[in-house]
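All residue numbers in this chain count up from 1 along the given sequence. Since this is a predicted model, take the numbers as computed values, not measurements.
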Amino acid sequence: MTILFLFVLMLLFVSPDSSSRSASSALSYERMLPWKGFCVLLILLSHYTGYIPTVPEDDVYLLIRTGMGQTVVVLFFFVAGYGMTLQLAAHGKQYLLRILKKAALLWFIGAVSVLLMIPVQYLRGRAYDLSTLLLAFVPVVNLGNSPWFIFAMILCYLFFLASSIPYALRPSTPSLLALLLLHGLSCAGYIAVLMHLGFEEYWYDTVLLFPFGILCAILQLHLPAKLSHGLLSRTAMLALTVTAVAYFYCYQTQSFFLHELYMTASCCLILSCALLYTPGSRVLRFMGQHALVIYLFQRFPMILFYETGLLDMVPHLGFFPTLCCTCLIAQFTDKVKESVFRKEKVPSR
């Protein structure tokens, strides 16, 4: 697994994107795609580890995997909050309906993954009662398709929609700040409720990155000069975020607050890397374009190869056919998605 982890890291540097970029364009939709793809590959690798027997040589990766934890998904919440805020500022109230469509599309893809997972789990001898199956479509029950992400992201979309109404009615800087405050309070309430109900921490420990993305978008809109850093400043920012990640990692288990600072610092580390460097790998770009579908459907080929014994015969080499099958499923599913939801051209942001 350590070698596979190094393979994923290598994809970052195979073909760098050498085109010029400013600090703001480095965080645009197109330029963040390979970084999202990198995170998706790390998630896929992490989940794949649960289906194969590990050996002592895997200990290095397993230690890294434990350290990363939920930091591999922080970028998705940040990018959502960041991009949606810029789109709202550009299109005003016309963007509100698109938020509802995004939430409906997210639920639809999650529901499809549940529909496919039910027969797969039944074939594996796992039966569920009706209430469990219905709750899987909400989704608050896990059948093996990571429902927490769908649940948390849809609520973040709806929080954003409700919080953005003041800005849609009267665009202004105070309205944007109200959006940030209302969304932050909504996420804090979501965390409090799920903590009280006894949900696992991974259900809620990354949602605050969404309002953090809103904050960064507001700063970009109103302080563009402050974001136009030179190479020296960007390098210093990278060094600072590396230090912050190392520091908060050591203390994150002491309180939820310090754990959230670790999550935020990890996101800032990825953003600092993005300000300095943009990967040009077509593999990472593809993974970034199909990130959601890959995330939700990756377990299907893993289960197939696990049940057929392939992963026992070639546990580490089995990662590559798993990756290929996941990409094929992603491409097919996105074609189906486009036929149900008319695809809109996603502008750079």
Side-chain angles (χ1 to χ4, degrees), residues 21-33 35-36 74-108 150-191 204 206-229 237 260 263-264 267-268 270-272 274-275 288 291-292 341-349:
R21 60 189 181 278
S22 64
S24 57
S25 67
L27 301 183
S28 65
Y29 172 81
E30 289 296 330
R31 291 192 174 276
M32 290 306 295
L33 276 180
W35 286 105
K36 290 172 66 177
V74 294
L75 184 64
F76 299 101
F77 286 91
F78 172 87
V79 168
Y82 176 82
M84 289 174 68
T85 304
L86 294 184
Q87 289 296 299
L88 177 66
H91 301 287
K93 61 183 180 182
Q94 297 177 350
Y95 185 64
L96 298 185
L97 287 178
R98 288 183 59 190
I99 297 174
L100 283 176
K101 183 177 180 179
K102 286 167 69 71
L105 175 59
L106 187 57
W107 179 87
F108 172 78
I150 299 292
F151 186 71
M153 190 64 81
I154 287 178
L155 283 182
C156 282
Y157 284 174
L158 297 180
F159 292 158
F160 186 91
L161 177 62
S163 303
S164 62
I165 291 176
Y167 182 83
L169 296 175
R170 187 176 182 181
S172 64
T173 300
S175 297
L176 273 181
L177 295 176
L179 163 63
L180 173 62
L181 177 62
L182 291 172
H183 197 284
L185 290 174
S186 300
C187 288
Y190 167 79
I191 291 171
Y204 52 80
T206 52
V207 295
L208 289 179
L209 273 300
F210 198 107
F212 180 62
I214 296 174
L215 171 63
C216 290
I218 293 174
L219 291 176
Q220 179 177 319
L221 289 169
H222 293 87
L223 301 172
K226 299 292 184 180
L227 296 179
S228 299
H229 300 296
M237 187 184 304
E260 288 303 292
M263 292 288 150
T264 305
C267 183
C268 289
I270 299 174
L271 298 177
S272 298
L275 289 173
L292 175 62
F341 292 81
R342 182 180 301 173
K343 186 177 181 181
E344 297 181 31
K345 184 179 179 181
V346 181
S348 298
R349 48 184 184 264

Engineer: Return the CG to CG distance between Leu105 and Leu100, rounded to the nearest 0.5 Å.
Structural biologist: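 That separation rounds to 12.5 Å.
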Engineer: Taking the side chain as C-beta and beyond, is there a heavy-atom pair between Lys93 and Pro171 under 4.5 Å?
Structural biologist: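 In short, these two side chains do not touch, never coming nearer than 4.5 Å.
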Engineer: If you take all heavy atoms of Phe78 and Cys216, which pair is closest and at what distance?
Structural biologist: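 So the two residues come closest at CE1-SG, 3.6 Å.
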Engineer: Please tell me if the side chains of Ser164 and Tyr95 come closer than 4.5 Å, counting only heavy atoms from C-beta onward.
Structural biologist: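 SC-SC contact between Ser164 and Tyr95 ruled out.
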Engineer: Drop me the distance from Leu180's CG to Ile218's CD1, to the nearest 0.5 angstrom.
Structural biologist: 5.0 Å
Engineer: Kindly indicate whether the side chain of Ile150, heavy atoms from C-beta on, has any atom under 4.5 Å from the side chain of Ile154.
Structural biologist: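 Yes. Closest side-chain heavy atoms under 4.5 Å.
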Engineer: Rounded to the nearest 0.5 Å, what's the gap from CG on Leu176 to CD1 on Ile214? Could you check?
Structural biologist: 9.5 Å
Engineer: If we ignore hydrogens and angles and just use 3.5 Å, is the side chain of Ser163 paired with the main-chain N or O of Phe159 as donor and acceptor?
Structural biologist: yes
Engineer: Check ring-ring contact (aromatic ring centres under 6.0 Å, His included) between Phe160 and all other residues, then give those that pass, not counting sequence neighbours.
Structural biologist: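 Testing Phe160 for ring-ring contact (aromatic ring centres under 6.0 Å, His included), a comparison that skips the adjacent residues, returns none.
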Engineer: I'd like to check Leu208 versus Thr264 (side-chain heavy atoms, cut-off strictly below 4.5 Å). Are they in contact?
Structural biologist: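 No - every pair of side-chain heavy atoms lies 4.5 Å or more apart.
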Engineer: Does the side chain of Leu88 reach to within under 4.5 Å of the side chain of Leu179, using non-hydrogen atoms?
Structural biologist: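 They are in contact (side-chain heavy atoms under 4.5 Å apart), so the answer is yes.
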Engineer: Heavy atoms, side chains only, cut-off 4.5 Å: are Leu33 and Val79 in contact?
Structural biologist: no
Engineer: Where is the tightest heavy-atom contact between Ala80 and Phe210, given as atom of each residue plus distance?
Structural biologist: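 Closest approach of Ala80 to Phe210: CB-CE1, 3.5 Å.
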Engineer: Restricting to non-hydrogen atoms, name the atom on Phe212 and the atom on Cys268 that form the minimum distance, rounded to 0.1 Å.
Structural biologist: CZ-SG, 3.6 Å
Engineer: From Tyr29 OH over to Lys36 NZ, what is the distance, rounded to the nearest 0.5 angstrom?
Structural biologist: 5.5 Å
Engineer: Does any non-hydrogen side-chain atom of Leu271 lie less than 4.5 Å from one of Leu75?
Structural biologist: yes
Engineer: Are Thr85 and Gln220 close enough that some pair of their side-chain heavy atoms sits under 4.5 Å apart?
Structural biologist: no
Engineer: Please report the shortest heavy-atom distance between Tyr157 and Ile99, naming the atom on each side.
Structural biologist: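 Taking Tyr157 first and Ile99 second, the nearest heavy atoms are O-CG2, 3.6 Å.
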Engineer: Starting at CG of Leu275, measure out to CD1 of Ile270 and round the result to the nearest 0.5 Å.
Structural biologist: 12.0 Å
Engineer: At their closest point, which heavy atom of His183 faces which heavy atom of Cys156, and how far apart are they?
Structural biologist: NE2-O, 3.0 Å
Engineer: So, taking the atom named CG in Leu215 and the one named CG in Leu181, what distance separates them when rounded to the nearest 0.5 Å?
Structural biologist: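 Taking CG in Leu215 and CG in Leu181, the distance rounds to 12.0 Å.
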Engineer: Over all heavy atoms of both residues, which pair between Phe76 and Ala291 is shortest? Give the atoms and the distance, please.
Structural biologist: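 In terms of heavy atoms, the two residues are closest at CE2-CB, 3.8 Å.
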